[in-house]
Amino acid sequence: NGHVMVAFVAVNNTTTTTTPSGWTLIDTQVDGTGFTGRTSMYYRVANSEPAYYTFTHSSTQRNAGWIVTFSGVDTSTVTDGSSKATGNACQAPSITTTTSNTMLIYAVNNDNAVTCTYTPPTGMTEFVETGGAGGVYGAYEAIASTGATGARTATPSSSGNSAQQMVALREATAPPSNTTNFFRLFQ
């Protein structure tokens with residue numbers, strides 16, 4: 001309880017995704033430069049969670065995703081901006097935050113035809129990498145100041161089209177008393 005979960009879901013083609021109850025859409029990227037698919041980021045304030053979640057799709061397609069949980073997040077106003085892009089550079093555009101001490105979360109889904117691994121964007125810490133064709137990747141970074149975060153780019157081991165998304169989570173004004181460090185990551 002008192003934690004915020006962020007989910008990244010990637011599906012081949014423009015298949016729609018139905019989320020489990022209680023998840024809020026942050027943003028969706030549909031198709032784009034050389035990329036045919038749909039990626040979406042969602043959040044949920046944790047409260048008596050089940051062992052797993054099932055995200056369903058409108059047709060049978062290759063799909064992948066991850067869920068990561070942080071504490072110390074403002075549960076009433078969770079996000080402080082998001083960005084998205086497609087192409088072959090694996091670059092998520094900058095976000096301009098209005099609050100200090102945000103947690104930046106970066107996600108990428110590579111084209112189904114490309115098998116690759118990633119080097120994290122400079123300054124970010126990798127928390128998931130599924131690799132393989134149609135794989136997903138995630139990294140995070142604490143940002144102390146307000147303003148433009150700058151773009152973030154993961155370096156793939158082989159080129160191919162991809163979709164990137166990024167979100168900034170807001171810090172709680174009064175972090176939970178049992179949290180010794182702001183934004184603890186639970187995997």
Side-chain angles (χ1 to χ4, degrees), residues 3-32 35-46 49-50 52-58 61-70 73 78-87 89-95 102-112 114-121 124-143 149 151-156 160-170 183 185-187:
H3 304 319
V4 169
M5 298 177 291
V6 175
F8 179 68
V9 179
V11 183
N12 189 27
N13 295 320
T14 55
T15 301
T16 58
T17 300
T18 302
T19 60
S21 178
W23 288 86
T24 301
L25 178 67
I26 296 170
D27 209 345
T28 294
Q29 175 68 48
V30 181
D31 292 340
F35 181 82
T36 304
R38 175 186 298 266
T39 60
S40 300
M41 285 185 103
Y42 305 90
Y43 76 84
R44 175 181 167 82
V45 176
E49 302 309 310
Y52 61 90
Y53 283 99
T54 301
F55 292 75
T56 57
H57 310 294
S58 61
Q61 297 290 333
R62 182 181 301 192
N63 63 80
W66 49 254
I67 297 174
V68 64
T69 305
F70 289 91
V73 180
V78 174
T79 66
D80 192 14
S82 64
S83 68
K84 61 186 178 183
T86 60
C90 293
Q91 185 177 81
S94 180
I95 298 171
T102 58
M103 180 61 70
L104 202 58
I105 301 173
Y106 168 91
V108 65
N109 170 235
N110 68 322
D111 187 291
N112 285 336
V114 178
T115 299
C116 67
T117 58
Y118 295 92
T119 301
M124 298 194 92
T125 301
E126 176 182 304
F127 64 85
V128 65
E129 178 175 23
T130 64
V136 291
Y137 176 84
Y140 67 93
E141 177 184 0
I143 305 291
T149 62
R152 295 295 189 275
T153 305
T155 305
N161 296 315
S162 61
Q164 301 73 233
Q165 289 186 259
M166 199 160 59
V167 65
L169 302 179
R170 295 170 63 113
F183 284 125
L185 170 67
F186 300 90
Q187 295 181 351

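Residues Leu25 and Ser40 meet the side-chain proximity criterion, which asks for heavy atoms closer than 4.5 Å. Under the 4.5 Å side-chain criterion, counting only non-hydrogen atoms from C-beta, Met166 is in contact with Leu104. Contact annotation: the side chain of Ile105 approaches that of Phe70 to within less than 4.5 Å [non-hydrogen atoms, C-beta and beyond]. Considering only heavy atoms from C-beta on, Thr86 comes within 4.5 Å of Gln29 through its side chain. In this structure, Val136 and Glu129 have side chains that are not in contact, with every pair of non-hydrogen atoms separated by 4.5 Å or more. Between Tyr140 and Phe127, some side-chain heavy-atom pair lies under the 4.5 Å cut-off. Inter-residue side-chain proximity for Asn109 and Phe8 is flagged as met; some heavy-atom pair is nearer than 4.5 Å. Side chains of Met5 and Ile67 form a contact here, defined as non-hydrogen atoms less than 4.5 Å apart.
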**Check against side-chain contact (heavy atoms from CB on, under 4.5 Å), Gln91 and Arg152** = CA-CA 6 Å; Gln91 185 177 81; Arg152 295 295 189 275; over 6 Å; no
**ring pair (Phe, Tyr, Trp, His ring centres under 6.0 Å) between Trp66 and Tyr137, intermediate numbers included** = CA-CA 8 Å; Trp66 49 254; Tyr137 176 84; 9.3 Å; no
**Request:** Walk me through it: do His3 and Val73 pass the test side-chain contact (heavy atoms from CB on, under 4.5 Å)?
**Result:** CA-CA 7 Å; His3 304 319; Val73 180; over 6 Å; no
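Side-chain contact of Thr39 with Gln165: a donor-acceptor pair under 3.5 Å is present, judged by distance alone. Judged purely by distance below 3.5 Å, without hydrogens or angles, the side chains of Thr155 and Thr119 never pair a donor atom with an acceptor atom.
A donor-acceptor distance shorter than 3.5 angstrom exists from the side chain of Lys84 to the backbone of Thr28, with no hydrogens or angles considered. Panel note: side chain Thr102, backbone Arg170; no donor-acceptor pair is recorded below 3.5 Å. The backbone N or O of Gly138 sits nowhere less than 3.5 Å from a side-chain atom of Tyr118 that would complete a donor-acceptor pair. Here the side chain of Glu126 pairs no donor or acceptor atom with the backbone of Ala139 at under 3.5 angstrom. Between the side chain of Ser83 and the backbone N or O of Pro93 there is at least one donor-acceptor pair closer than 3.5 Å.
Between Trp23 and Val6, the closest heavy-atom pair is CZ3-C, 4.3 Å.
Between Tyr42 and Phe55, the ring planes are tilted. Angles from 30° to 60° get that label.
To the nearest 0.5 angstrom, Met41 atom CE is 10.5 Å from Thr79 atom OG1. With rounding to the nearest 0.5 Å, the separation of OG in Ser82 from CD1 in Ile26 is 7.0 Å.
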